[in-house]
Structure formats: structure tokens, C-alpha cells
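Since the structure comes first, as C-alpha cells, the remarks are kept for the end.
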Amino acid sequence: MNKSILTLIIVSLSYLAQAGLGSDKPNFIFILTDDQPYNYMGFTGNEVVKTPNLDKLSSESVFFNNAHVTSAICTPSRVSILLSQYERTHGVNFNSGTSVNDEAWSMSYPVVMRDNGYYTGWIGKNHAPIGKGGYQSGVMEKSFDYWYAGHGHLSFYPKKRHDIFKNAEFDTQVEVIDEGVQDFLTNDQKLDGAVQFLGARPSDKPFMLSICFNLPHGNGTGSMKMKKTDDEIYKSLYRDQEIKLPNNYVAKADIKNPKIPSDVLRAEQRQTGYNYSDTEEDTKERMIRMYQAMTGIDRMVGNLLATLKKEGLDKNTVIVFTSDHGLFMGEFGLGGKALCYEVTTHVPMFIMDPRMPKKYRRQTDALVSTIDIAPTMLTLAGIPIPSSFQGKDLSSFLEGDNDSPREYTYTENLWSTQFGNPKIEAVQDNEWKYIRYYKNISYPATEKIRIAKEMKIPVNKMLYAVHDNEIPFYRTLAESSLQGQEPDYEELFNLKEDPEEVTNLVSKKEYETKLKEMRAVWKKELTAARGKGTPKVFRYTATSKLEAGNAGTGH
């Protein structure tokens, strides 16, 4: 054979392999909801909310009953999923004054999969600041072949908030996202606003699509208006049914003994957007809205499944589903998130691989983390796992393995701010949970608001702008525990006997040995979560934004 022809064949085969042609590489769809408590699906025990498509999909999957997030706050949780790292390794939160730098981002699951021949798409919400300039950098948009998303919160009606959605047919978030999903999967249309770097999704390449919601977000559902143009789901569904309050619900006026001592958790400083949990009436109203949002999401999932089948993609598309964290709805008188109780850290999570034998489709109590999603998808795609990943590969569960990849999970809250939340660290196994709380020394939100109004400073700028001096404060939050900082308060729960974490056993003499054991576990898991080296981040503060603007960069 002519040497030049042989060379051409080898190069062509290499290209075909890279592009996924002639291979059996699966497609992937990753669905991420926002603020979805574990029990907000029929499959997870909710007797009111209607989620038939998610329930069916769950039953055809490996469903992880014991999945937990690493941080119960939107941004750090989402960055953790993208990079498969704990927050104290990646170093990005609302209060960190940082964004993910280029080196770290190059090891995110979307970039790694794109570099390995996958056509990638991102639809919905991005709440991870990426690149120099964070949300204004343009790095996130350029990292995907298909982009139809907005940064930060979308609101229930995203068209007015984000120009990219302004020509969508529908007004409501779930339906706008559904339009993008259909456009991506079918290539029948080209949505005005959607960015497609290759013009259309190639049929000869495997794809990786991330669908990220800003729902059923507790605060976000406050923007629902029951407009005439809204689907009936969002106007009347569940309003004729009895809505039961969560177990252990306590109205604010009825709190006698706070769940966490008031000098540890300054609950009076909580963001006002979560005040709906303070009364029974407002809590039930918000639960209805969140249930409605879940049913809307479920309908979108049904549309997605139908389109996959119609397009002949259903036999080779892996679907992964989870939430970025849960949400307090007045349990123990608490509202919002950030704490390390099961209400906020325990999330629904499943992997549906249509190639998986039916006998392996099951529920498992194995202890897993949402940072395990990225290495699992890469393994299923035949892509080596980056050494920077801290998550565990769960692909063996799709082959019938029942051995837990983790003996313990670690969660934390480094969002210790003016809103009253302390720094928190927690470890747990299938039976025991140990939580440590540290003193919050930040200036209180109520005083910031008072002074802002007095001096006619925009309240949101006073509350949410992060300045350079807060970078070392955040870094100290992350590092001080390893340097010997002692907790102000501790909790120990037996999750088998007390799954709702009602009774703190720390002061019980008969549990002294278990407490000592869990403290040792905490130190080990904390050290592992920290990893090595310094976080790979860019400075991303109010000052850096101002400097970039003055320099004419347009950030």
C-alpha cells in the first residue's frame, strides 16, 4: 500500500475515534435542580407532588438513597460538581472574592469531555464564576459548543432578566429551558439567542448536555405571578389539596428553644427572602409553588425522554439527575440553607444508563457525594479521570456492585457572613453524624441595612459586594480548622434511630467514646477534603470589577 495513503487512513481513523464515529461512546444528559429537598418527588415519598416521569426514570436507574452535597449553597456546590472538588480545595463561594481560574476550569467535566471528542451544551442557569472577571469573562460561554443560559439567578420569568432568552416562545423558566433542550436534541430549529459554535449538533459525535435549573428554588418561586400566560400548572395545581407542613415545623413566633444556640446561629440575621418559613400560611404557599415547579420540571423531563426516543438517541444516552442542595421550610424554626443537617445536604440522585441490565436497576444505601458525578461520567465515556478530582467513580454500581465507595461523607459551610451562619464542618456514615460549629465574627446584616438606608447606599451593594480584604478572611475560614481552631458548639446524631436529627447526643456520657471516634473521623476527612496546594482561583471582587471596567475590558 502507498505510504501516503496508509498515513491518510491512520489520520482519518484517529479523527473518527476522536469524533466518536463508529464508537459506542454514550451520550450524557446531566440535570441539576436548585433547592430541591430529597422528598420533593413521588419516588422519594411525597404523596402530593406529581412527578410521574422522574418517578419512572428513577425506577429504571441506580438510585442513590444516601447522596449528599459537599456544600449546601448554590455556587460552591455547583463548582464542586463541575470540578469534582470540595469547596476548601476549589476556593469559590459568594464570600470568597474569587472565580475559578483557567487551569482549574480546564479540568472541569465539560471541558475534559469536549477535549475528548464530545459535543457539549449548557442550558439554563450558571451560578459558577469562571475565568478572570467571573460571570463577565465570557469563558463559560466559549467553553461549550451550544450555550443557552444566563448567569446568576434566572427568576421564574427569565426573558426580562437575560437577553439570551428574549425571543423564547414561552415566558416561564422551565418552558424556556425546554425550548433550548428541544433545539439542542433535534436540530430542527435554531433558537434566536442560542450560541452554536458549530452551527448545529453533529450527528456523528457523542454529546454531553448539562441542564441546570433555578427551580424549585425557595426564594426564586417568590417571583411567580400566576399570569394569564402561565401554564395552568403554575396557577392552580395543588391549591385544592391539603398541604402538610414538614415534620418538626415550628413557626417563628412559637420558637422557645432554638435548634442551634442563638450565639452560634444568629437566625435573626437570615436573608429576608426566606422569611416565608416563619408562618404556617406562607410556608404552605411556598411549598405549593415549589411543588408546581417540580411538576413543570417533570413535564420537561417527559418531553426530553420522548424526544430522545423520537430521535433514536434513547438507547445510548445516560441521564444523571440531582439537586445542588435541599432547603429548610421551617423545620425546627429554620429557614434557608447552608447548614449541615440532612434537610439541606441529603439530595435525590440517580444514574440511568439504558445499556444497564434491568437486574442492576435498583435503590442503594451506599454513601455517595455529588462530586462523584463527574468521575463517573468520564469513566462511562472512556476518558481518564483527572488527578485533580476528589470524587469517587460510581460506574461499578451500574454493573451490580453494592460496596459503598465511601465510609464517610464530608460537608461544610464556609459561607459565614453577615447573614448569621457560622462556619460548619460535618462528617457522617450510614449511622452517625458529627457537626462542628465555629464563631461567626462578621458584622450583622441588620446593621449594614440600617446604615445603607441612612446613607442612601444601595442595600444589595452593601450586603453582597465582596472586597479584597474579604479574600484573606475567607481563606482563614477554610484553613483555621486544620490549624487547631476549636469549635464553639458540637452535635452528634444517631441517624438510624433519629433520622430527623432531633436529639443532640454530645453531652450524653454513654456516647463519649463515639464522640471521640467521630472527632478523629472529622480530622481525617477534613484533611482529605482540603487536598494540597492553594486554590486555583482568580481575584473576583468589587474592586477587581471596577479596575477591569476602568481598563476598558468591558467586564
Side-chain angles (χ1 to χ4, degrees), residues 20-21 24-33 41 43 50-61 110 113-114 118-125 144-149 154 158 164-165 167-215 231 233-234 293-322 350-356 361 377 380-381:
L21 298 178
D24 59 355
K25 284 195 170 188
N27 305 308
F28 292 89
I29 295 177
F30 173 49
I31 303 172
L32 181 66
T33 56
M41 300 188 331
F43 190 81
K50 304 272 193 302
T51 53
N53 296 297
L54 283 169
D55 296 345
K56 185 174 186 296
L57 200 54
S58 296
S59 69
E60 296 172 348
S61 307
M113 295 186 81
R114 191 186 194 193
Y118 272 79
Y119 180 85
T120 59
W122 188 282
I123 296 172
K125 169 183 177 176
F144 295 88
D145 299 302
Y146 184 100
W147 174 266
Y148 192 58
L154 301 189
I164 195 169
F165 302 128
N167 293 319
E169 178 182 353
F170 295 94
D171 296 324
T172 44
Q173 182 189 141
V174 178
E175 287 62 42
V176 169
I177 289 175
D178 193 11
E179 289 182 61
V181 171
Q182 296 302 316
D183 187 57
F184 179 92
L185 292 177
T186 63
N187 285 328
D188 286 342
Q189 54 185 335
K190 194 170 183 179
L191 274 178
D192 288 337
V195 179
Q196 294 172 274
F197 288 104
L198 298 183
R201 179 176 61 79
S203 59
D204 55 5
K205 293 183 73 171
F207 66 79
M208 166 71 242
L209 174 62
S210 299
I211 306 170
C212 301
F213 289 96
N214 195 184
L215 290 171
D231 190 280
I233 285 176
Y234 310 123
M294 281 305 307
T295 296
I297 290 171
D298 183 79
R299 181 172 62 182
M300 189 232 68
V301 169
N303 293 341
L304 180 152
L305 295 173
T307 301
L308 287 175
K309 188 171 184 178
K310 179 182 176 183
E311 298 293 319
L313 300 168
D314 58 315
K315 303 298 184 184
N316 197 38
T317 299
V318 176
I319 299 176
V320 182
F321 178 95
T322 195
F350 64 75
I351 301 172
M352 193 289 292
D353 187 339
R355 305 165 304 169
M356 175 175 55
R361 300 175 186 183
M377 291 193 299
L380 293 174

How close do [X] and [Y] get, counting heavy atoms only, and between which atoms?
X	Y	answer
G296	Y234	CA-OH, 3.4 Å
P26	A381	CD-CA, 4.5 Å
I164	G193	CG1-O, 3.2 Å
R361	P354	NH2-O, 3.7 Å
D298	T51	OD1-C, 3.1 Å
G124	F165	O-CZ, 3.9 Å

Main-chain N/O of [Y] paired with [X] side-chain donor or acceptor, under 3.5 Å:
X	Y	answer
E179	E169	yes
T295	K50	yes
D145	F197	no
S59	K56	yes

Quick one, [X] and [Y] - any side-chain contact, counting heavy atoms below 4.5 Å?
X	Y	value
I31	F213	yes
T172	D231	no
I29	L308	yes
L191	N167	no
T322	L32	yes
N27	L313	yes
D183	Q196	yes

(request) I would like to know whether I351 and M356 meet side chain to side chain contact (heavy atoms under 4.5 Å, CB included); could you show each step before the answer? (result) CA-CA 10 Å; I351 301 172; M356 175 175 55; over 6 Å; no
(message) As a quick check of understanding, evaluate side chain to side chain contact (heavy atoms under 4.5 Å, CB included) for Y148 and V176, giving each step before the final call.
(response) CA-CA 10 Å; Y148 192 58; V176 169; 4.1 Å; yes
For the [atom1] atom of [X] and the [atom2] atom of [Y], what is their distance to the nearest 0.5 Å?
X	Y	atom1	atom2	answer
I319	M352	CD1	CE	4.0 Å
L198	K205	CG	NZ	6.0 Å
I177	N214	CD1	CG	8.0 Å
Q182	E175	CD	CD	12.0 Å
Q173	L154	CD	CG	4.5 Å
R299	D178	CZ	CG	8.0 Å

(request) Cation-pi check, R114 to F144: give yes when NZ or CZ is under 6.0 Å from the six-membered ring centre and within 45° of the ring axis, no otherwise. (result) no
(request) Would you please classify the geometry between the F350 ring and the F321 ring as parallel, tilted or perpendicular, with 30° and 60° separating the classes? (result)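 Parallel.
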(request) Kindly assign one of parallel, tilted or perpendicular to the pair W122 and W147, based on the angle between their ring planes and the thresholds 30° and 60°. (result) parallel
(message) Quick check on ring-ring contact (aromatic ring centres under 6.0 Å, His included): which of F28, Y146, F184 does F207 satisfy it with?
(response) F184
(message) If the threshold is 4.0 Å, N to carboxylate O, is there a salt bridge linking D24 and R355?
(response) no
